[in-house]
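Quick caveat: nothing in here was measured; it's all calculated off a predicted structure.
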Amino acid sequence: MSRPMRSSTATRARREPRHRQPIDRRARREVAGRAMERLLAVVLLIGFATWSALVATGRTARLDAVFARVRPLLPRSAGAQIAEAYALLTHPALITAAIVALALWSFKERMRRLALALLMAAAGIPVHWLISSALDISHPHSHLLDSLSVVGGAYPNAQIAAVTIASSMLLVLTRAHRRPTSDTAVWWLAGIAAIATACYSQWAMGLAHASDQIGAILWGAAVANTSLALGGIDTILSSWARLGLPTRSVDKRAAVIYNPTKFYDLSLLRRRIEAEVLAAGWRPTQWLETTAQDPGHSMARQALASGADLVLVAGGDGTVRAVASELAGTGLPMALIPSGTGNLLARNLSIPLDTDAALRLALSGEPTRIDLVRASWDCGQESFAVMAGLGLDAQIMADTKDELKRVIRAGAYAVAAVHHASPRPFRATVALDGAAPEEHDMVMALLGNVGTITGGMTIFPRATPDDGKVDLLLARPDRVIDWARMGAMILAGRVPSGLTLAQASRVSIRTDEPVPFELDGDIAGTTRALDIEVVPGALAVIAPSRG
């Protein structure tokens, strides 16, 4: 079951170097990111200065002439009126006032760096007016030059510059929020659309050359990036992300044990978990990454040694099993953040498969006690929480391709099963709860702590994870047609012929030859002896109430 914890200073010292390298890499990435932000601000300022020099010396005249051939909309047309209405709604004075108001609110909320950055961004709009007046480049001829939306000279265009500043600030701040990639993309598209609409409105009104619009976009982006860089973008994003979160801690800390191969976007997972943890008033999270050599054993021991109040497991069934075996008997609760293709324990405990819903349950739910099952074989011992299989089941698991599971998920197991349509039986003796052993010819022995397996198929209708029993299925169908009949009957909730079903607290299986076996979907090797014992209530898991 669980392994004894080693809490000596020497042991901890040996573990530390494993985790120092990822932290160092992350720190280097953060430093590089800050350098890139500053570099981008400098590049944009240089770009604006260079483009301004080209405009002032008339070298953009050919570009302006090409776009001047496209006639703007007529002053009284519906399109022109809509464009003027948009220009009035996004008037530089209104945008400046909105940014200043947001800066004052940010200062009141103690986000002083953000307030400073917003004030610098707002100052970029009147500075633009000074640049425009100094260059004194005239507007194109237009019937709408007397519009209230017209501010300053033609270059750089005032409205486009103001909209670009506001949109750029908001686009950068969206990075701080724990939104899915698709939602973030929508916000980015909305910001880009706002800038494009500003460009269209100025063209429709005949108020800006192409060079004026390009200069305005360069100036707006330069102002926004410079303001954020000078204000300290990391601190700004951090404070913005914590907006509205509780300021008082409940003095609890969660440890996250995660398998990096199960997630396409680890940064999104981090933002989601950190936001939910902070929203609940918990202290910052401890992050522990599994490796190919260790699916979670030492990470769980590390979480125990650090005094964590909750262990969040973000990984597949193998990670869940490894962590559960270490937490068994300790009283430290485990919560599941489902990922991968199986999630069998989460499905059987009715834990939400949606990440945000699972997180909310993990931080607010109550722990429930479930059984673990200790498996001992020829040369090893391990605990499992879901199922173990001997024979055909293990062969199917071994032949299931990970690449195929990512594409067709549970269907990948059916593809592997086709290759074993006529399995070779083996002889075994089975003893339940110390009774006299019985001989069976079989192709598979399946042991379940829960009832539902991959694909939502219920194999053990009576199984519950807290009944102190393990359910046993022995199968020996002779032909392919028997497999089809068996599958249909299982789906219908009936016990098919050719199967033996039983329940016991202890099961002993002895085979006449080495047979492959698996634990919670992971191949454990081959064995001729398998002893199973249920450990009642060994594990505390956060799960929805069954009442």
Is Asn259 reaching over with its side chain to a backbone N or O of Thr290, donor-acceptor style, under 3.5 angstrom? no

Side-chain touch Leu327/Leu539, heavy atoms, less than 4.5 angstrom: yes

Side-chain touch Ile542/Glu366, heavy atoms, less than 4.5 angstrom: no

Are Leu359 and Arg272 packed together at the side-chain level, in the sense that at least one heavy-atom pair is separated by less than 4.5 angstrom? yes

If you apply the rule side-chain contact (heavy atoms from CB on, under 4.5 Å), what do you find for Leu304 with Thr330, and how did you get there? CA-CA 9 Å; Leu304 281 164; Thr330 66; 3.9 Å; yes

Heavy atoms only: give me the nearest Pro544-Leu361 pair and the separation to one decimal. CD-CD2, 3.7 Å

Looking only at side-chain N and O atoms, does Ser306 offer a donor or acceptor that is under 3.5 Å from a partner on Gln286? yes

Is there a side-chain contact between Val320 and Met334 in this structure, where contact means two heavy atoms from C-beta onward sitting under 4.5 Å apart? yes

Side chains of Asn157 and Gln213: any donor to acceptor distance under 3.5 Å? no

Could you report the tightest heavy-atom contact between Ala122 and Thr96, atom names first, then the distance? O-CG2, 4.2 Å

Check whether any side-chain heavy atom of Ile214 sits under 4.5 Å from a side-chain heavy atom of Leu63, and report yes or no. yes

Before giving the answer on side-chain contact (heavy atoms from CB on, under 4.5 Å), spell out for Leu363 and Leu310 the whole-Å C-alpha distance, their side-chain angles and the decisive distance to 0.1 Å. CA-CA 9 Å; Leu363 298 173; Leu310 174 68; 4.2 Å; yes

Determine whether Gln159 and Gln202 make a side-chain contact, defined as any pair of heavy atoms from C-beta on separated by less than 4.5 Å. yes

Using every non-hydrogen atom in the two residues, find where Ile131 and Pro156 come nearest and quote the distance to one decimal. CG2-CD, 4.3 Å

If you round to the nearest 0.5 Å, how far is OG of Ser201 from CD of Glu84? 10.0 Å

Indicate yes or no: at least one non-hydrogen side-chain atom of Thr226 is less than 4.5 angstrom from one of Met120. no

Can you measure from CG (Leu345) to CG (Leu336) and round to the nearest 0.5 angstrom? 5.5 Å

Give a yes or no answer on whether the side chain of Trp219 reaches the backbone of Gly124 with a donor-acceptor pair at less than 3.5 Å. yes

Can you name the closest pair of heavy atoms from Ser106 and Leu118 and give their distance? OG-CD1, 3.7 Å

Once you round to the nearest 0.5 Å, how far does CD1 of Ile257 lie from CE of Met299? 8.0 Å

Spatial distance of atom OG1 (Thr164) from atom CD1 (Ile195) [nearest 0.5 Å]: 4.0 Å

Nearest 0.5 angstrom please: Leu45 CG to Leu218 CG, how far? 10.0 Å

State whether the side chain of Tyr258 and the backbone N or O of Phe263 hold a donor-acceptor pair below 3.5 Å, judged by distance alone. no

Side chain of Arg321, backbone of Ala385: donor and acceptor closer than 3.5 Å? no

If I take atom CD from residue Glu289 and atom CH2 from residue Trp287, how far apart are they, to the nearest 0.5 angstrom? 10.5 Å

Counting N and O atoms only, with roles assigned by atom type, does the side chain of Ser325 sit under 3.5 Å from a partner on the main chain of Ala322, one being a donor and the other an acceptor? yes

I'd like to know if the side chain of Asn343 reaches the main chain of Ala346, judged simply by a donor and an acceptor atom lying under 3.5 Å from each other, with no hydrogens or angles considered. no

Tell me whether Asp294 contacts the main-chain N or O of Ser298 through its side chain, where contact means a donor paired with an acceptor under 3.5 Å. yes

Chi angles and distances behind the side-chain contact (heavy atoms from CB on, under 4.5 Å) call for Leu344, Asp520: CA-CA 8 Å; Leu344 292 182; Asp520 286 349; over 6 Å; no

Would you say the side-chain atoms of Asp212 pair up with the backbone N or O of His209, donor to acceptor, closer than 3.5 Å? yes

Search all heavy atoms of Pro295 against all heavy atoms of Thr319 and return the closest pair with its distance. O-CG2, 3.4 Å

Side-chain touch Leu266/Pro260, heavy atoms, less than 4.5 angstrom: yes

Are Trp51 and Phe48 close enough that their ring centres sit under 6.0 Å apart? no

Sidechain-backbone polar pair: Ser168 side chain, Ile165 backbone, donor-acceptor under 3.5 Å: no

Take a 6.0 Å sphere around CZ of Phe107 and say whether it holds more than 12 heavy atoms from other residues, nucleotides or ligands. no

Pair Asp317-Asp522, side-chain contact (heavy atoms from CB on, under 4.5 Å): steps then yes or no: CA-CA 8 Å; Asp317 294 322; Asp522 290 336; 6.0 Å; no

For Ala308 and Leu332, which heavy atoms make the closest approach, and how far apart are they? O-CD1, 3.1 Å

Compute whether any side-chain donor of one residue and acceptor of the other, for Trp282 and Glu274, lie under 3.5 angstrom apart. no

Does a side chain donor of either Ser52 or Tyr155 reach within less than 3.5 Å of an acceptor in the other side chain? yes

Please confirm whether the backbone N or O of Ile46 pairs with a side-chain atom of Thr50, one donor and one acceptor, at under 3.5 Å? yes

